[in-house]
Amino acid sequence: MLDIKLLRTTPDIVRENLKKKFQEHKLPLVDEIIELDRQSRDARTKADALRGRRNSVSKNIGVAMAKGLKDDAEKGKAEVEAMAQELADLEVLEEKLSVLVREKMMIIPNIIDSSVPIGKDDSENVEVERFGEPAVPSFEVPYHVDIMESFNGIDLDSARKTSGSGFYYLCGDIARLHSSILSYARDFMINRGFTYCIPPFMIRGDVVSGVMSFAEMENMMYKIEGEDLYLIGTSEHSMIGRFIDTILEEDALPLTLTSYSPCFRKEVGAHGIEERGVYRIHQFEKQEMIVVCKPEDSADWFVKLYKNTVDFFRSLDIPVRTLECCSGDLADLKVKSIDVEAWSPRQKKYFEVGSCSNLGEAQARRLGIRVKNKEKGNYFAHTLNNTVTAPPRMLIAFLENNLQADGSVAIPEPLRPYMGGQKGLLV
RNA sequence: GGAGACGUGGCCGAGUGGUCGAAGGCGGUUGACUCGAAAUCAACUGAGCGGCUUGCCUGCUCCUAGAGUUCGAAUCUCUACGUCUCCGCCA
């Protein structure tokens, strides 16, 4: 959500941005909003004047009553009553217009960063950089479920019976690997100065509607029957929700947080949920990073954030690349976004394992996350979020890249302490 | 789950129909004193939106939310939501 003042004063910036995002169909909205905003302020001004008059007359009635001047008091009452209908009508109009302006403003996308590549859809996303050699071994790399099964590490059949498709039992060393990766990811981020948090895994409806659009809510969130509670789709939901309607002290910034949570997603409309395996599932776990900072710092934090993920994967010998989201594929709330993709030696291509986003002030404006400042006045913070790692999907990359010719899986050095010192998993 | 209490500014807390946007305190900022923001004293210190004469100007809105009573509501009525305490249950 943009500042309406930006639209009032420099509508061309907003129009230009719409064109860059290939949303020409929204261009008429700009003038519509400007006109509605003008009407809205006009109604507001008139209503304010009437309310002001009512307030002062009412005060005088009090004074007159105290002095026992009955006639003066009655005269005042009559005057207020006379303007009551006009005020009531104006207030209805005021409400109607301001809701309309807000609704339409919600549809206007955030101004994208000047560095975002222009493109229509995900086919035009741009590879930024590769890290590590995307090697293809001489032997054939099996499907990840087969690798897991070779260690008796997964039971999808039972999960289907108990919970349906899109769920899994991880067992033995594979389950241990899953937990180890999360623990390592947690410590990795703590070592980089982030504060570790475990947030609520369920949140109330008003928080949900604050942090996502209605469509997302319908397609992603599981609701607890009979309660106003939803299972979180990512810890970002509860981590950002924590700051709704708060005014932060400037010197408390930046907030650099890393959070763990299970994540629950309905994945309505997403294809591939039926795919056998743990690529797209209803339940997974994730180590996340969240930054709340001053506007001038968010661009730097964006780079730092995705580099953390790159470094994390590289420390586990997994080749990755960064793929920048082009203008047309960028969600409306985002200023800039980059995916971290891991190399799949089996598919001989990269696949998404993390997503780093700079939301600018858009999220903060929606949620009322402000920073206290006497001179400049309070302002909206910038918010960013990024995945450290999200197993079990991450395990696909891990197993494929660390698989040896004999079917064993090497455990990279940093992970060994979390795996009881094992150097590898033997079949 | 049963019973009761309560929801006021960054925090604590007063306020039961009329200069109440709200006493007092804590915290914060600034100034004085000082070698020194240790102590003391003084002043200032909620948020949002609008107007113009852009001023330390002015108007409106906000005391959980919504509806109602009234000339006028933080204060009265209703509803919803939330929180706390005790009991029960439980890792």
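Lettering of chains follows the sequences in order, A, B, ..., and the numbering in each one begins at 1.
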Quote, to the nearest angstrom, the [atom1] distance that separates [N] from [M].
N	M	atom1	result
G72(B)	C81(B)	C1'	28 Å
A47(B)	A43(B)	C1'	22 Å
A73(B)	A65(B)	C1'	16 Å
G68(B)	U75(B)	P	14 Å
G18(B)	G1(B)	C1'	46 Å

Given RNA chain B, 5'-ward residue of the pair M65(A) and D48(A), judged by closest heavy atom: M65(A)

Between D37(A) and N378(A), just flag the one whose closest nucleotide in RNA chain B comes earlier from the 5' side. N378(A)

Could you let me know what [N] is paired to, Watson-Crick or G-U wobble, both distances under 3.5 Å, or none if it's on its own?
N	result
A22(B)	none
A42(B)	U30(B)
U70(B)	none
C56(B)	none
G1(B)	C87(B)

Determine the interplanar angle of the [X] and [Y] rings, folded into 0 to 90°, and report it as parallel if under 30°, tilted if 30 to 60°, perpendicular if over 60°.
X	Y	result
Y260(A)	F201(A)	perpendicular
Y168(A)	H178(A)	tilted
F188(A)	F312(A)	perpendicular

Classify the nucleic acid contact of [X] as base, sugar-phosphate or nothing, counting any heavy atom under 4.0 Å across all strands shown.
X	answer
R102(A)	nothing
N60(A)	nothing
G76(A)	nothing
R51(A)	sugar-phosphate

Under 4.0 Å between a side-chain N or O of [X] and OP1 or OP2 of [N]?
X	N	answer
R44(A)	G59(B)	no
R204(A)	U83(B)	yes
N55(A)	U61(B)	yes
R41(A)	G59(B)	no

Rounded to whole Å, how long is the line connecting atom CG of D245(A) with atom P of C62(B)? 17 Å

Rounded to whole angstrom units, what separation is found between the CD atom of E95(A) and the C1' atom of U61(B)? 12 Å

Counting heavy atoms from C-beta on, name the nucleotide in C60(B), C71(B), G50(B) closest to the side chain of S58(A). C71(B)

Candidate nucleotides G48(B), G18(B), G50(B), ranked by approach to the side chain of I61(A) - the nearest: G18(B)

